[in-house]
2 protein chains.
Amino acid sequence: MTSAASRKGGRARDERLERDIPEATIARLPVYLRALTALSERDVVTASSEELASAAGVNSAKLRKDLSYLGTYGTRGVGYDVNYLRYQIAREIGLTQDWSVVIVGIGNLGHALANYAGFASRGFQVAGLVDNDPARVGEKVGDLTISSFDDIDAIVSNAAVSIGVIATPASAAQDVCDRLVAAGVSSVLNFAPAVLTVPDYVDVRKVDLSIELQILAYHEQRKANGAAELRASLA
Amino acid sequence: MTSAASRKGGRARDERLERDIPEATIARLPVYLRALTALSERDVVTASSEELASAAGVNSAKLRKDLSYLGTYGTRGVGYDVNYLRYQIAREIGLTQDWSVVIVGIGNLGHALANYAGFASRGFQVAGLVDNDPARVGEKVGDLTISSFDDIDAIVSNAAVSIGVIATPASAAQDVCDRLVAAGVSSVLNFAPAVLTVPDYVDVRKVDLSIELQILAYHEQRKANGAAELRASLA
DNA sequence: AAGAGTTTGTGAACGGGAGAACAAAATCGC
DNA sequence: GCGATTTTGTTCTCCCGTTCACAAACTCTT
Ligand SMILES: NC(=O)c1ccc[n+]([C@@H]2O[C@H](COP(=O)([O-])OP(=O)(O)OC[C@H]3O[C@@H](n4cnc5c(N)ncnc54)[C@H](O)[C@@H]3O)[C@@H](O)[C@H]2O)c1
Ligand SMILES: NC(=O)c1ccc[n+]([C@@H]2O[C@H](COP(=O)([O-])OP(=O)(O)OC[C@H]3O[C@@H](n4cnc5c(N)ncnc54)[C@H](O)[C@@H]3O)[C@@H](O)[C@H]2O)c1
């Protein structure tokens with residue numbers, strides 16, 4: 001009873017759709033993609049798992065195992081064809097199509113995000129900027145104009161937005177999230193320091209500067225304590 | 001042979017310094033801290049692991065196990081004293097002292113970070129803003145003035161900066177990182193989409209918007225495929 | 001054509017973290 | 001004072017992810 005044999009439906013499908021790619025692997029694929037793009041720009045044609053792994057900052061065994069979930073795209077004794085692998089990873093992640101995003105909360109951070117060129121270059125189109133401050137509505141940011149929060153349903157359905165970015169204060173985050181979900185968004189990237197509750201089918205990822213700093217602080221403290229202990233033991 | 005008995009040195013130390021707190025736990029402590037602060041502001045005196053866990057968005061068993069690494073700060077049948085636990089977590093993370101940070105690269109993102117109030121409120125002091133663009137040096141951002149990149153050594157040593165934030169383009173990130181480390185920084189928070197190489201004693205954490213979006217895109221694609229398959233099987 | 005040299009793909013061992021479950025410890029009611 | 005109730009702290013089991021190690025598969029040289 002292999003997983004291929006027990007596939008539901010019985011519809012013939014020899015494509016590699018028997019996917020159960022581990023979440024940890026998914027999170028690394030974009031890193032590999034970036035490394036491949038850099039190699040491609042330097043006109044490198046093939047790369048070994050060792051070279052790729054070093055460019056991506058991971059162990060080569062891990063990289064090979066990660067890639068093996070996608071298929072057997074390498075050639076033993078040779079390595080991986082840079083452009084071919086790049087295309088396969090992009091396709092797997094879903095970057096062969098464009099994705100529309102809407103940014104909610106155009107304050108300090110929202111402005112930076114709206115001006116960020118790295119969005120479009122990776123296939124993410126900013127389809128709308130939304131803020132509930134009447135003083136902000138109408139303001140131009142780059143090519144876009146800030147819309148009222150009430151326009152969110154129209155923006156989401158017109159542009160087929162599936163990803164919402166929340167850059168409002170934490171106190172507004174859950175409300176904004178609910179409205180986004182009601183409008184049809186099914187993925188949320190949250191910059192506000194708040195825990196969001198969403199229906200099962202909605203994915204949420206958070207970016208939390210404050211948590212990152214606190215983790216660094218913890219390790220700094222440990223290093224400092226270790227150094228202090230060392231000094232004490234030498235005294 | 002308990003871990004307490006085998007502690008190195010033999011120096012009596014009944015404080016709970018037998019720490020080997022799992023990294024996954026460390027990453028959640030700031031979330032608990034935030035939940036506790038919110039409860040404290042609502043004058044809640046005690047909270048059960050169930051209540052805390054729900055506020056933090058985790059499983060209560062996981063929360064209890066996490067807290068047990070710090071010590072036995074709860075009371076069976078009652079719960080946790082909010083303020084007491086808050087202090088203990090803050091102490092464990094190292095937030096009872098202030099930390100100085102320097103931000104390098106004051107462009108779109110750097111400006112947002114420099115203006116961010118959430119820094120100081122959690123005990124992180126921005127000790128300096130640095131940019132290598134001569135046109136930017138001297139510009140005021142909030143209370144601070146942008147310094148030249150050459151001043152970095154002075155800033156780091158004068159303010160005892162241990163944490164550096166990199167918000168430059170990816171192409172400059174490794175150079176900037178090297179300079180930060182040379183100046184004495186031992187923790188780095190990197191916003192640039194680049195893999196950084198550092199000595200062992202330096203901690204690096206990265207915040208990568210593009211990766212987060214790509215992970216969301218992958219799941220969006222899967223959801224879309226699943227829906228398509230469902231429609232096909234019904235047809 | 002065959003042997004030497006490379007490098008992939010994967011089986012297997014290992015380690016760490018998640019969650020269920022429960023005994024221990026505290027409070028409360030009477 | 002004691003049983004009922006609540007809730008913690010911890011043990012145990014399971015699962016996921018990492019890493020090692022090596023056979024299989026490919027190229028290159030002679
Ligand atoms: N600025 C940073 O560098 C930074 C860093 C990390 C995290 N954050 C977090 O990102 C979020 C935004 O930070 P910021 O500095 O840009 O804050 P900000 O106050 O500058 O901007 C918030 C914006 O959200 C808008 N807003 C408020 N409620 C809204 C609602 N219900 N609907 C739509 N828009 C609404 C406000 O009008 C404002 O324009 C905060 O949660 C903050 O904690 C910011
Ligand atoms: N803007 C965003 O919302 C956003 C989001 C995610 C990631 N990022 C990443 O953050 C980084 C900064 O983005 P940005 O939009 O602020 O870019 P930016 O071009 O607006 O700012 C970069 C700044 O870094 C300075 N700089 C360049 N080289 C330097 C050096 N060697 N030393 C010191 N300063 C130097 C430049 O003078 C400029 O002021 C980029 O790597 C970008 O990919 C930005």
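Every chain is numbered from 1 and lettered A, B, ... according to where its sequence line falls, protein lines coming before strand lines.
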Here the gap from B:L189 atom CG to B:I103 atom CD1, rounded to the nearest 0.5 Å, amounts to 9.5 Å
- [ ] Report yes or no: do B:Q221 and B:N225 form a side-chain donor-acceptor pair below 3.5 Å?
- [x] no
d(B:L33 CG, B:Q88 CD) to nearest 0.5 Å is 12.0 Å
Within the distance-only criterion (no hydrogens, no angle test), does the side chain of B:Q174 pair as donor or acceptor with the backbone N or O of B:T197 below 3.5 angstrom? yes
**Prompt:** Is a side-chain N or O of A:K206 found less than 3.5 angstrom from the main chain of A:V195, in a donor-acceptor match?
**Reply:** no
Note: chain A reaches DNA chain C at heavy-atom distances under 4.0 Å over the stretch, first to last nt, 5' to 3', of C:dT6 to C:dA12
Note: contacts of residues 48-57 of chain A with DNA chain C (heavy atom, under 4.0 Å) are A:S48, A:S49
Between A:P22 and B:A47, whichever has its closest DNA chain D nucleotide further toward 5' is B:A47
If the cut-off is 4.0 Å, is A:N59 near the phosphate of D:dG17, judged by side-chain N/O to OP1 or OP2?
no
Are B:E41 and B:T37 close enough that a side-chain donor and a side-chain acceptor fall under 3.5 Å?
no
Nearest heavy-atom approach of A:V104 to A:L180 is CG2-CD2, 4.1 Å
- prompt: Do A:S40 and A:N83 have side-chain atoms, one donor and one acceptor, less than 3.5 Å apart?
  reply: yes
Taking only distance into account, with no hydrogens and no angle test, what donor-acceptor pairs under 3.5 Å do side-chain atoms of residues 51-66 of chain A form with protein atoms, sequence neighbours excluded?
| unit_1 | atom_1 | unit_2 | atom_2 | d |
| --- | --- | --- | --- | --- |
| A:E51 | OE1 | A:S48 | N | 2.8 |
| A:E51 | OE1 | A:S48 | OG | 3.3 |
| A:N59 | OD1 | A:A61 | N | 2.7 |
| A:N59 | OD1 | A:K62 | N | 3.4 |
| A:S60 | OG | A:E50 | OE1 | 3.4 |
| A:R64 | NH1 | A:S49 | OG | 3.0 |
| A:D66 | OD1 | A:T25 | OG1 | 2.7 |
| A:D66 | OD1 | A:R28 | NH2 | 3.1 |
| A:D66 | OD2 | A:R28 | NE | 2.7 |
| A:D66 | OD2 | A:R28 | NH2 | 3.3 |
| A:D66 | OD2 | A:Y32 | OH | 2.6 |

List, one per line, each side-chain donor-acceptor pair under 3.5 Å for residues 94-101 of chain B, sequence neighbours excluded.
| unit_1 | atom_1 | unit_2 | atom_2 | d |
| --- | --- | --- | --- | --- |
| B:D98 | OD2 | B:Q125 | NE2 | 3.0 |
| B:W99 | NE1 | B:G94 | O | 2.7 |
| B:S100 | OG | B:A159 | O | 3.2 |

B:L70 atom CG is separated from D:dG9 atom P, nearest whole Å, by 10 Å
Contact check, residues 24-40 of chain A vs DNA chain D, heavy-atom distance under 4.0 Å, returns A:A24, A:R28
When rounded to whole Å, the CG to P distance for the pair B:L67 and D:dT8 reads 9 Å
**Asked** So does B:Y80 get a side-chain nitrogen or oxygen closer than 4.0 Å to the phosphate oxygens (OP1/OP2) of D:dG9?
**Response** yes
Quiz prompt | Close side-chain approach of A:N190 to A:V207, heavy-atom, < 4.5 Å | solution = no
Under 3.5 Å donor-acceptor pair, A:K65 side-chain atoms to D:dT19 base atoms
yes
When rounded to whole Å, the CG to P distance for the pair A:D66 and D:dC16 reads 16 Å
Residues A:T168 and A:G105: closest non-hydrogen pair is CG2-CA, 3.7 Å
Mind running ring pair (Phe, Tyr, Trp, His ring centres under 6.0 Å) on A:Y84 and A:Y73 for me, showing each step along the way?
CA-CA 8 Å; A:Y84 182 57; A:Y73 296 134; 5.6 Å; yes
Rounded to whole Å, NZ of A:K62 lies from C1' of D:dC20 at a distance of 14 Å
Between B:G74 and A:E23, whichever has its closest DNA chain D nucleotide further toward 5' is B:G74
Is there a salt bridge (charged side-chain N to carboxylate O under 4.0 Å, His left out) between B:D81 and B:R86? Walk through the geometry before answering. CA-CA 8 Å; B:D81 181 292; B:R86 190 155 79 108; over 6 Å; no
With B for base contact, S for sugar-phosphate-only contact and - for none (protein heavy atoms under 4.0 Å), nucleotides 21-30 of chain D reads B--BBBS---
